[in-house]
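Chain identifiers are assigned alphabetically (A, B, ...) following the order of the sequence lines, protein sequences preceding nucleic acid strands; residue numbering begins at 1 within each chain. Side chains included, hydrogens not; waters and symmetry mates left out as well; all remaining heavy atoms used.
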2 protein chains.
Amino acid sequence: MDGKIVNLKSKIEIYKAMTDGANFADCPVRDVMQGMNGKWSPLLVTALAEKPYRFGELRRLVPDISQRMLTQTLHELQRDGYVHREVFPTKPPSVEYSLTDLGRSMFVPLYQLVQWAELNHDAVREARAAFDAAQA
Amino acid sequence: MDGKIVNLKSKIEIYKAMTDGANFADCPVRDVMQGMNGKWSPLLVTALAEKPYRFGELRRLVPDISQRMLTQTLHELQRDGYVHREVFPTKPPSVEYSLTDLGRSMFVPLYQLVQWAELNHDAVREARAAFDAAQA
DNA sequence: CCGTATCCGTCATGATACTG
DNA sequence: CAGTATCATGACGGATACGG
């Protein structure tokens, strides 16, 4: 299915990484994962990976996001250090959003996952159809 | 920050992949992405990437998941074709969950993302602290 | 143009109790 | 052991209106 093999040791290591922390509940890895997990975050990061965009441009680029969620998601991405926000004192003011180095770094594995989804969404949809058919 | 470079053309291509579909709202790529995006899905897939587990074993392995969410998340992962569920007719019955080929394939890029989170969660937490400090 | 504030409905999640 | 059913709640997300 895929040529790459992840050896057993790595798998155990990475599972442990998702369960470390003061207590199980606040594992830093899962905490950080949540920040790139929202409904709009992956899409906006992917858009900004191409080039910087202004607020209104993003709004037009992603027509089915509400202004509220665009503001909020960009704010969260900025807080996590993935996105840089720069205000230009024009009249009326314009605001440009761009990926930081950290954001570009995070986009590398995110990109891999999106690419997997693009290549395999047919298989997933078929699996869903088969599963739903078996229920009936 | 990271040696790997994703060229511009690929970025544009992959953004388009996230916006294709009959209409913008039901893009198959984002649809599939949602299925691996939940609060518990990445953790369970990572656990099962190590080896198959029974229901009760997963429950003990992930102490802060409720029985309801464990059932539901495994059900969704099974429906999407990532997880295989096998019932053994013992008394009382035992049920084993394991990754399918599709699930193992999906774990490859997921693993990359988790690994990134492990390596960079300090940077993210520092970014959050700096952002929150700047607010005050 | 770029937000913020408010209201409100829906969905995700958890606690608890019960079953084959 | 491996679930299902039911209920409660808080987070998420959209629509609308207003402000700098």
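- As rounded to whole Å, 13 Å separates atom P of D/dG13 from atom CG of A/L70.
- Taking 4.0 angstrom as the limit, B/Y97 places none of its side-chain polar atoms (N or O) nearer than this to OP1 or OP2 of D/dC1.
- Ion pair B/D31/A/R128 flagged as a salt bridge, since at least one NZ, NE, NH1 or NH2 atom sits closer than 4.0 Å to an Asp/Glu carboxylate oxygen.
- Spacing between atom CH2 of B/W40 and atom C1' of C/dT13 amounts to 10 Å, rounded to whole angstrom units.
- Nearest nucleotide to the side chain of B/V95, out of C/dC1, D/dG3, C/dG3: D/dG3.
- In this entry the distance linking CZ of A/R30 with C1' of C/dT13 reads 14 Å, nearest Å.
- Whole-Å rounding puts the A/R68 CZ to D/dC12 C1' distance at 8 Å.
- Looking at heavy-atom distances under 4.0 Å, B/S94 makes contact with sugar-phosphate atoms alone, never a base.
- A donor atom on one side chain and an acceptor atom on the other are found under 3.5 Å apart for B/Q115 and B/Y111.
- Among the protein residues, B/K91 comes within range of no part of the nucleic acid, since none of its heavy atoms lies under 4.0 Å from any strand.
- Of the two residues near DNA chain D, A/Q67 and A/P92, the one whose nearest nucleotide lies more 5' is A/Q67.
- Aromatic rings of A/H75 and A/Y97 (six-membered ring for Trp) have centroids beyond the 6.0 Å cut-off, not under it.
- Summarising the geometry, the separation between CD on A/Q72 and C1' on D/dG14 is reported as 11 Å, rounded to the nearest angstrom.
- Computed from coordinates, the B/M69 CE to D/dA8 P distance equals 19 Å when rounded to whole Å.
- Between A/R125 and A/D122 there is no salt bridge, since no side-chain nitrogen of the basic residue lies less than 4.0 Å from a carboxylate oxygen of the acidic one.
- Rounded to whole Å, the distance from CG on A/N37 to P on D/dA11 is 18 Å.
- Rounded to a whole Å, the CD atom of B/E86 is 16 Å from the C1' atom of D/dC1.
- Comparing C/dC1, D/dC1, D/dG14 against the side chain of A/R54 picks out C/dC1 as the nearest.
- Using a 4.0 Å heavy-atom cutoff across all strands shown, A/R59 reaches no nucleic acid atom at all.
- Comparing D/dG20, D/dT4, C/dT4 by their nearest atom to the side chain of A/T71 picks out C/dT4.
- Atom CG of A/L43 sits about 5.0 Å away from atom CZ of B/R30, to the nearest 0.5 Å.
- For C/dC11, the OP1/OP2 oxygens have no side-chain nitrogen or oxygen of A/K39 closer than 4.0 Å.
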